[in-house]
Chemist: 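Would you mind keeping the following structure in view while I ask a few things?
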Amino acid sequence: MLAFDLDFEKRLADVDKRIQGLQKKGSKLKGDERVKLNEYQQELETLMREVYGNLTTWQTVQVARHPKRPYTSDFIDLMCENFFELRGDRRYGDDRAILGGLASLDGETVVILGNQKGRDTKERMECNFGMSHPEGYRKVLRLLRHAERFHLPVITLVDIPGASPGLEDEQRGIAQAIAENLMVMSALRTPIITVVIGEGGSGGALGISVADRILMLEHSIYTVASPEAAAAIMWRDSAYAASAAEAMKITAKDLKQLRLIEEIIPEPLGGAHQDKAEVAASVKSAILRHLAELRRKSTEDLLECRYQRYRDIGRSAIANLPVGALP
Amino acid sequence: MLAFDLDFEKRLADVDKRIQGLQKKGSKLKGDERVKLNEYQQELETLMREVYGNLTTWQTVQVARHPKRPYTSDFIDLMCENFFELRGDRRYGDDRAILGGLASLDGETVVILGNQKGRDTKERMECNFGMSHPEGYRKVLRLLRHAERFHLPVITLVDIPGASPGLEDEQRGIAQAIAENLMVMSALRTPIITVVIGEGGSGGALGISVADRILMLEHSIYTVASPEAAAAIMWRDSAYAASAAEAMKITAKDLKQLRLIEEIIPEPLGGAHQDKAEVAASVKSAILRHLAELRRKSTEDLLECRYQRYRDIGRSAIANLPVGALP
Amino acid sequence: MSDDGKQATMPASMNGAHPDAAMRSLPDNLAVKCPKCRELLLGKDWERNLKVCPKCGHHAQLTAQERIDLLIDEESDFEQIDRDLVSNDPLKFVSLSGTDRSKLDGLADSTGLKESVVVGSGIIDGLPVMLVIMDFRFLGGSMGAVVGEKITHAIEIATYERIPLLIATASGGARMQEGVIALMQMAKTSAALARMAEAGVPYIVLLTDPTTGGVTASFAMLGDVTIAEPGALVAFTGPRVIEQSMHIKLPKDVGYAEYLLAHGMIDGIVHRRALKATIARLLHLYDDAEKAMN
Amino acid sequence: MSDDGKQATMPASMNGAHPDAAMRSLPDNLAVKCPKCRELLLGKDWERNLKVCPKCGHHAQLTAQERIDLLIDEESDFEQIDRDLVSNDPLKFVSLSGTDRSKLDGLADSTGLKESVVVGSGIIDGLPVMLVIMDFRFLGGSMGAVVGEKITHAIEIATYERIPLLIATASGGARMQEGVIALMQMAKTSAALARMAEAGVPYIVLLTDPTTGGVTASFAMLGDVTIAEPGALVAFTGPRVIEQSMHIKLPKDVGYAEYLLAHGMIDGIVHRRALKATIARLLHLYDDAEKAMN
Ligand SMILES: [Zn+2]
Ligand SMILES: [Zn+2]
């Protein structure tokens, strides 16, 4: 069954309601009703193509944040076998906003980890609505080192509104925890692939996504700051979030065009939540394809490419840049 | 001025009091008084040689714990120039029971760190009476990595009754923090010299003293557990602490005989607190001598020697050990 | 780690331990009391349940042999090494409570052990593993020179042969009677583990009740993966000692496996019935990784 | 780090900054108000005191040039690199508050800067050092592509030449107007710092007021040694934002240098008057170590 919960999906929801009304009748459906059903279904598909083919940035944000969107736990369940969760940072705690461990991906052992938002209210509270504490980033750090020790590729799944902005987070050094991960990931001696599956917000997202390849689901976003925060910072009013989202170029398409990501992974029509199995299969096959490529590189080559990947970012955004003047 | 505060120093204190009484008179001293003063001073020296030449283990414990004994801060002040304190574990806090940083030792930059008990009540509270919290061991870990990065020798000064035994310490993983240091120190790619300057108690001491060379001040102790704790564990009564101390062989002389330490550094007559400058000079020259030796080894050789140093410990304590059967 | 007690069941295919067979040490109709809730059980039910109380879930201590039987494949042999190593009392320890020599002999008779750790190799779900299993009955699982030597030897063999290492802890800590020699075994084992980590050979820790002191502050906390049995006391300073020395009353959970999990120190808590399957799963993941490297 | 404000004095021998000369930017008799306690001061007194309020100790922001003059030896030259790099507005950013292009031009006129960071090499107490000095006046010290490039370039040169790097931070974080390009500068600079650490070249961070957001969560927290000026606001999320989003009232010290010191995040707090001497002491320690290696 499809789900249409967003405000811009009202027309889709209306048609879907009519379809469901008819479908309820099952075998008792009359001939003309069967024709109608067929018509409605065609109409729905056309509408979906129209709406989802032309999502505004703000609509994309809504889809990326859809409460039914598949989470890291769903992707792990659907893509991997023998998931063995690794918990705790060995320092302070076990942040439930990060879910990670060892798993078998198509027969290959990997470290897979990602942001976990939590589905119901209780889970959302436990996961701090997906916003990691410092101990979450330090758990990631531990898993990264684990991966490096056993030459396991690292898969990270990004779905975080932003790092946790609380008093405790400042106390225990959220900035330090993120910064350390950036440094460690940039030089980790094993392949890293990041997939943005929902929203990738700010340094909180970056802290698990310095990678050899960054892939984004079609309707996911990746941004320097949440649109609300950016609007508040730039224009002193978070009500301008939609304008900020648009201006900051945060969609997969924008970022592919800016050459900041390697690939856009298509979603089922209507968004990833309409068919989790299908989207998981697409993500899995994209990961495996990139992994095979990365596996062909020597470690030194891998690290040099990763360095240059980041070294180059922003250079085309600079005027007056001397050419070839690096030491 | 000498200090005789311990119970077994009563005779010394009596003679010293007479000496001071006479000395107070200064130039007004009569001829016979001058003779007496000379006699008393000779008596005191004879007595001190007698008492300090034959300290029982329990008396040694008392000297090692003497409240006027030089602490890590004293040794740093007296041995080093340009001390630059490094603070904090970059995780949780800055444990004042560990004092450490960069310093210049005879022109060579080293990382020097040690347990700090605190001299007055306020300082003792701040330093938790010298008992480190997990963040203390993690500060040490940070300093160790710092030393390794810049190829700086590490000097550690041990003076701790034991790791902090509180609820918070368990919460933040005191055992994990100590264990990690043992592992890291055993393979740190730079020379490590430990000097036991006071009491070295239990895993709390070990957590900063896995080293290429372990030197002990003449009246310091190093023990698997504080005598009080050991008596309580073995005989359900900490009143038997003196017996436990004796039985566990915890003095510098015992441990040199057991070949667990490399050198005993003599103390001024009457204990290190009688002349801090002298003892600091002795410690400094011993450190420099060992450092010069260690500097001659390649890093690989250094690490192999360190490994074997620990690998061999206890093998002579085993019956039925096959010879040369290692893989 | 999702194998907490609630959902843990042992897949039939991995139920290689055949616990019924393994645990046959008590007469069938002997009554046994759960050490925690005092529930009375028949010996055969107690053993069939792997010494886990069916009422309160308490995981009672296992002997090293019971633990080995629980873990390794039924058809495989446990090849013990360093079986005969014994302490020669290096400090000529003067005890206030009789000589320790006679105590040791008595222990050897009652437990069939010569020391508090059993070390050797075995097969778990078809995969080779180096096993270090502590036995709390022997001087409270305390670590002296022999224990340190046996564990270090096991680590070195595992590193050399590239076989995963599993250590099941159960210990009151370092053995006072061997003084600083005992203390230094913490460093000795940790040094060997540093080389193992450098070589990229997996090290799995299973924390069992109770594990405290110097064992906790060394190899017990250095696992690549660390799991614990439910309710296992695992601490540096045990909660009773903290209460006594700090004159406070602690929350009930302090120092137990669940507390460690909440504070980020371990990866999971695994019911004894799921233990072999869980460890096997992990071993297969590492085995796949090792194969992929070659 | 023992150089807190109370005991800090600048040894005459190291007083190479000649702050009196360095700070001559205001007319002598202009009245200046302390931004914190509102104390009124004459411009010359304010500058003679290195813009530190003699009443409340507040360390006011310095311009990049003032900071450079304060730190490097008077007789030495600051050799600036990448001076002309400017952003080409990669997102063609559509602002609701006028175009940013005109804002940039205005800023360039008023500050004499083309970007929020000044980068180059200088001499401190006789020792060469690579300097990265941020200037909060230019778009709140925000980091976009140019800032990331200039800092990365400086790190690379320092690594290659084995010269210590000093970064003085002052920034509101990543520049929104450059979107993910700005965000990625956090990773870019951190990647260069990873190589610097690997090479064993020292990296010193000086945190000045204010440093927040993406700059804090990248190179500002990656120093081998990290010192801060007294009272500097240094946070990922500033205390005002925490209070607003969490609807709580925070203790007064949260987010300031003293708070970071207490929580283990920095090595010390150094009064501006002791700053050069402190950094010089550190540079000499590293210089001795570097010499000992060769
Ligand atoms: Zn029970
Ligand atoms: Zn003021």
Chemist: With a 6.0 Å cut-off (strictly less than), is the heavy-atom count around CD of C:Glu243, excluding the residue itself, greater than 12?
Modeler: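 Yes, the 6.0 Å shell around CD holds more than 12 heavy atoms from other groups.
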
Chemist: Quick one: are B:Ile214 and C:Met184 in side-chain contact, heavy atoms under 4.5 Å?
Modeler: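 Sidechains of C:Met184 and B:Ile214: in contact.
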
Chemist: For C:Gln185, which atoms come within 4.5 Å of any heavy atom of chain B: side chain, backbone, both, or neither?
Modeler: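 C:Gln185 touches chain B through side-chain heavy atoms alone.
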
Chemist: Which answer fits B:Ala187, side chain, backbone, both or neither, if we ask what part of it has an atom under 4.5 Å from a heavy atom of chain C?
Modeler: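 The side chain, not the backbone.
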
Chemist: Which atoms of B:Arg309 come close to chain C, meaning under 4.5 Å heavy atom to heavy atom: side chain ones, backbone ones, both, or neither?
Modeler: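 Neither part, no heavy atoms under 4.5 Å.
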
Chemist: Got a second to check how far B:Leu321's CG is from C:Lys150's NZ, nearest 0.5 Å?
Modeler: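 Separation between the atoms: 11.5 Å.
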
Chemist: Heavy-atom distance under 4.5 Å between the side chains of B:Arg172 and C:His263, does that happen here?
Modeler: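 When only atoms from C-beta onward are counted, C:His263 and B:Arg172 do not touch, as no gap falls below 4.5 Å.
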
Chemist: For salt bridge (Lys or Arg N to Asp or Glu O under 4.0 Å), just list the numbers for B:Lys249 and C:Glu178, CA-CA rounded to whole Å, side-chain angles, deciding distance to a tenth of an Å, and then say yes or no.
Modeler: CA-CA 9 Å; B:Lys249 308 256 197 301; C:Glu178 296 188 21; over 6 Å; no

Chemist: Heavy-atom distance under 4.5 Å to chain B: side chain of C:Ala262, backbone, both or neither?
Modeler: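 Neither part.
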
Chemist: With rounding to the nearest 0.5 angstrom, report the CD to CG distance, B:Glu246 to C:Leu91.
Modeler: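 The CG atom of C:Leu91 is 12.0 Å from CD of B:Glu246, to the nearest 0.5 Å.
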
Chemist: Atom CD1 of B:Ile313 and atom CE of C:Met186: how far apart are they, to the nearest 0.5 Å?
Modeler: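 Reported to 0.5 Å precision, the distance equals 12.5 Å.
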
Chemist: Is it the side chain or the backbone of C:Leu250 that comes within 4.5 Å of chain B heavy atoms, both, or neither?
Modeler: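 Only the side chain of C:Leu250 comes within 4.5 Å of chain B.
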
Chemist: May I ask you to check whether over 12 heavy atoms, not counting those of C:Lys252, lie within 6.0 Å of atom NZ?
Modeler: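 Check fails, neighbour count at 12 or below.
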
Chemist: So which part of B:Leu260 gets closer than 4.5 Å to some heavy atom of chain C, the side chain, the backbone, both or neither?
Modeler: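 Contact with chain C is through the side chain of B:Leu260 alone.
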
Chemist: Quick check for you: among C:Ala220, C:Gly148, C:Ala192, which has the greatest number of heavy-atom pairs under 4.5 Å with chain B?
Modeler: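 Option with the top pair count is C:Ala192.
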
Chemist: State whether the side chain of C:Asp84 and the backbone N or O of B:Asn320 hold a donor-acceptor pair below 3.5 Å, judged by distance alone.
Modeler: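 Side chain of C:Asp84 to backbone of B:Asn320: no pair is present.
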
Chemist: Side-chain contact test, heavy atoms from C-beta onward, threshold under 4.5 Å: evaluate it for C:Val180 versus B:Leu258 and give yes or no.
Modeler: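 Side chain of C:Val180 against side chain of B:Leu258, heavy atoms only: no contact under 4.5 Å found.
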
Chemist: To the nearest 0.5 Å, what is the distance between CG (C:Leu222) and CD (B:Gln176)?
Modeler: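 Separation between the atoms: 7.5 Å.
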
Chemist: Just wondering, more than 12 heavy atoms not from B:Glu263 lying within 6.0 Å of its CD?
Modeler: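 Yes.
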
Chemist: Is there a side-chain contact between B:Ile318 and C:Asn88, using heavy atoms and a 4.5 Å cut-off?
Modeler: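 Contact flag for B:Ile318/C:Asn88 side chains = no.
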
Chemist: If we define contacts as heavy-atom pairs under 4.5 Å, which of B:Pro165, B:Ala163, B:Ser186 has the most with chain C?
Modeler: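 Most heavy-atom pairs under 4.5 Å with chain C: B:Pro165.
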
Chemist: For B:Ala225 and C:Met176, work out which heavy atoms get closest and say how close.
Modeler: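 In this case the closest contact between B:Ala225 and C:Met176 is CB-SD, 3.6 Å.
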
Chemist: Any heavy-atom pair between the side chains of C:Phe93 and B:Met234 that's under 4.5 Å?
Modeler: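 Yes. Closest side-chain heavy atoms under 4.5 Å.
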
Chemist: Could you tell me which portion of B:Ile250 (side chain, backbone, both or neither) has an atom closer than 4.5 angstrom to a non-hydrogen atom of chain C?
Modeler: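 It is neither, since no heavy atom gets under 4.5 Å.
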
Chemist: So which part of C:Met265 gets closer than 4.5 Å to some heavy atom of chain B, the side chain, the backbone, both or neither?
Modeler: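 For C:Met265, the contact with chain B is made by the side chain alone.
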
Chemist: Answer yes when B:Glu304 and C:Arg195 have at least one side-chain N-carboxylate O distance shorter than 4.0 Å, and no when they do not.
Modeler: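 C:Arg195 and B:Glu304: salt-bridged.
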
Chemist: Under a 4.5 Å cutoff for heavy-atom pairs, which residue among B:Ile178, B:Leu206, B:Ile174 has the most contacts with chain C?
Modeler: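 The option with the most such pairs is B:Leu206.
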
Chemist: I'd like to verify something: which residue of C:Thr159, C:Thr212, C:Thr216 has the highest number of heavy-atom pairs under 4.5 Å with chain B?
Modeler: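 With the most close heavy-atom pairs to chain B, the winner is C:Thr216.
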
Chemist: Let me know if B:Ser202 has heavy atoms under 4.5 Å from chain C in its side chain, its backbone, both or neither.
Modeler: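 Both parts, backbone and side chain.
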
Chemist: Answer whether the closest heavy-atom distance between the side chains of C:Thr152 and B:Arg311 falls below 4.5 Å.
Modeler: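 Touching, per the 4.5 Å side-chain cut-off.
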
Chemist: Return the OG to CD1 distance between B:Ser164 and C:Ile242, rounded to the nearest 0.5 Å.
Modeler: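 Interatomic distance, B:Ser164 OG to C:Ile242 CD1, rounded to 0.5 Å: 9.0 Å.
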
Chemist: Which atom pair, heavy atoms only, marks the closest approach of C:Ala217 to B:Leu182?
Modeler: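 It is O-CD1, 3.6 Å.
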
Chemist: Of all the heavy-atom pairs spanning B:Val224 and C:Gly179, show the shortest one and how long it is.
Modeler: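 Smallest heavy-atom distance, with atoms named: CB-O, 3.3 Å.
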
Chemist: Can you say whether B:Ile261 sits under 4.5 Å from chain C via the side chain, the backbone, both, or neither, judging by heavy atoms?
Modeler: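 It is neither, since no heavy atom gets under 4.5 Å.
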
Chemist: If I measure from the heavy atoms of chain B, does C:Val254 come under 4.5 Å with its side chain, its backbone, both, or neither?
Modeler: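 Answer is side chain: those atoms of C:Val254 sit under 4.5 Å from chain B.
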
Chemist: Quick check for you: among C:Ser218, C:Gly255, C:Gly264, C:Pro251, which has the greatest number of heavy-atom pairs under 4.5 Å with chain B?
Modeler: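 Highest number of heavy-atom pairs under 4.5 Å: C:Ser218.
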
Chemist: If you define the side chain from C-beta out and look only at heavy atoms, does anything of C:Met221 sit under 4.5 Å from B:Glu180?
Modeler: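 Of all side-chain heavy-atom pairs linking B:Glu180 with C:Met221, none is under 4.5 Å.
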
Chemist: Nearest heavy-atom pair of B:Gly314 and C:Ala145: which atoms, and what distance?
Modeler: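 In this case the closest contact between B:Gly314 and C:Ala145 is O-CB, 3.4 Å.
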
Chemist: With a 4.5 Å cut-off on heavy-atom pairs, point out which of B:Tyr307, B:Tyr240, B:Tyr310 contacts chain C the most.
Modeler: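 Highest number of heavy-atom pairs under 4.5 Å: B:Tyr307.
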
Chemist: Out of curiosity, C:Leu183 CG to B:Met248 CE, how far, rounded to the nearest 0.5 Å?
Modeler: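 The CE atom of B:Met248 is 10.5 Å from CG of C:Leu183, to the nearest 0.5 Å.
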
Chemist: Quick one: what part of C:Tyr259 sits under 4.5 Å from any heavy atom of chain B, side chain, backbone, both or neither?
Modeler: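 Contact with chain B involves the side chain of C:Tyr259 alone.
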
Chemist: What part of B:Leu255 gets within 4.5 angstrom of chain C, counting heavy atoms only: side chain, backbone, both, or neither?
Modeler: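 Contact with chain C: side chain only.
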
